[in-house]
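What follows is one structure encoded as C-alpha cells, with my remarks underneath.
We name chains A, B, ... by the order of the sequence lines, and we start the count at 1 in each one.
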Amino acid sequence: MPARYWLFKSEPSSYSLDDLIRDGVAEWDGVRNYQARNSLRDDVKAGDGVLFYHSSTDPIAVVGTATVMRGGYPDHTAWDPRSKHPDPKSSPDNPIWYMVDLRAAERFRNPVTMDTLRANAAVSDMLVLRRGMRLSIQPVTTAQWKVVRAMGRPQAV
DNA sequence: GCCAACGTTGGC
DNA sequence: GCCAACGTTGGC
C-alpha cells in the first residue's frame, strides 16, 4: 500500500510547526471529532505524508510537512481527567478517541496561503478551501500533495 | 470580535 | 427519533 497524504490543521497559538520541530516525535492527541477520529483510527498509517496547516492565524497557510511515525492508537489523554480534552466515556478497555505520532519533515520557505491554493487550478478543489469545512484531518490526493509541496519550496528540518 | 456552518446534547 | 438549544470551529 503506497503512502497516503493528509492535511492536519493546527492553530499555531496552541501548537505550531516550530513546536513540532522542537518536540521531535509528538503525539497528535486531542482530536474529538468522529470523522477525524475514523481517519486516525483506520486510515492514517506510518509513513504517510502530512501537510501541516496553520489555522486561525495570519496568514493562514500550509507551512510545512510532517511524517506519520505511528498509525492510529488509542488517545490516552481522553481518560486522563487532567488532560486538556478529557472524555469520561473513554477508557483503556473501551477507547473512543485515537491519535497518531508525527515528526516534522520540512519547513516551507514559501508558506502556501489559502489565496495561493485558491488561485492554482491544480489544488483549488482541496477540501480545506471549502466553506464551512471544519474537519481537522483531511485526505489530500497525491497530485495535491505534490503541487502544494513544490509551491512551498520545502527545506528539510 | 463576528458569525456561518457545522456537530452534539438532551428534553420530549 | 425529532429538533431546539448550545458549543465549537475557523475564515473573515
> A:V25: which other cluster members, linking ILVMFWY side chains closer than 4.5 Å, directly or transitively?
Replying inline: A:M69
> Tracing side-chain links under 4.5 Å among I, L, V, M, F, W and Y, which residues wind up in one group with A:W97?
Replying inline: A:Y34, A:I96
Without placing hydrogens or testing angles, list every side-chain donor-acceptor pair under 3.5 Å for residues 110-118 of chain A, not counting sequence neighbours.
unit_1	atom_1	unit_2	atom_2	d
A:T113	OG1	A:T116	N	3.2
A:T113	OG1	A:T116	OG1	2.8

Validation: residues 49-61 of chain A side-chain donor-acceptor distances under 3.5 Å, sequence neighbours left out:
unit_1	atom_1	unit_2	atom_2	d
A:H54	NE2	A:L17	N	3.1

>> Going by ring-ring contact (aromatic ring centres under 6.0 Å, His included), name the residues that satisfy it together with A:W145, two or more places apart in sequence or in a different chain.
In response: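 Applying ring-ring contact (aromatic ring centres under 6.0 Å, His included) to A:W145 gives A:Y5.
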Between the protein and nucleotides 1-4 of chain C, which nitrogen or oxygen pairs come in under 3.5 angstrom?
none

N/O donor-acceptor pairs under 3.5 Å from side chains in residues 147-157 of chain A, not counting sequence neighbours:
unit_1	atom_1	unit_2	atom_2	d
A:R149	NE	A:E106	OE1	2.9
A:R149	NE	A:E106	OE2	3.3
A:R149	NH2	A:E106	OE2	2.8

>> I need a per-nucleotide contact map over nucleotides 6-12 of chain C, read 5' to 3'. Cutoff is protein heavy atoms under 4.0 Å; write B for the base, S for backbone only, - otherwise.
In response: -BBBBSS
> Quick one: salt bridge (charged side-chain N to carboxylate O under 4.0 Å, His left out) pairs with a partner in residues 10-26 of chain A, sequence neighbours left out?
Replying inline: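 Checked against salt bridge (charged side-chain N to carboxylate O under 4.0 Å, His left out) - neighbours excluded - the pairs reaching residues 10-26 of chain A are A:D18-A:R107, A:D19-A:R22.
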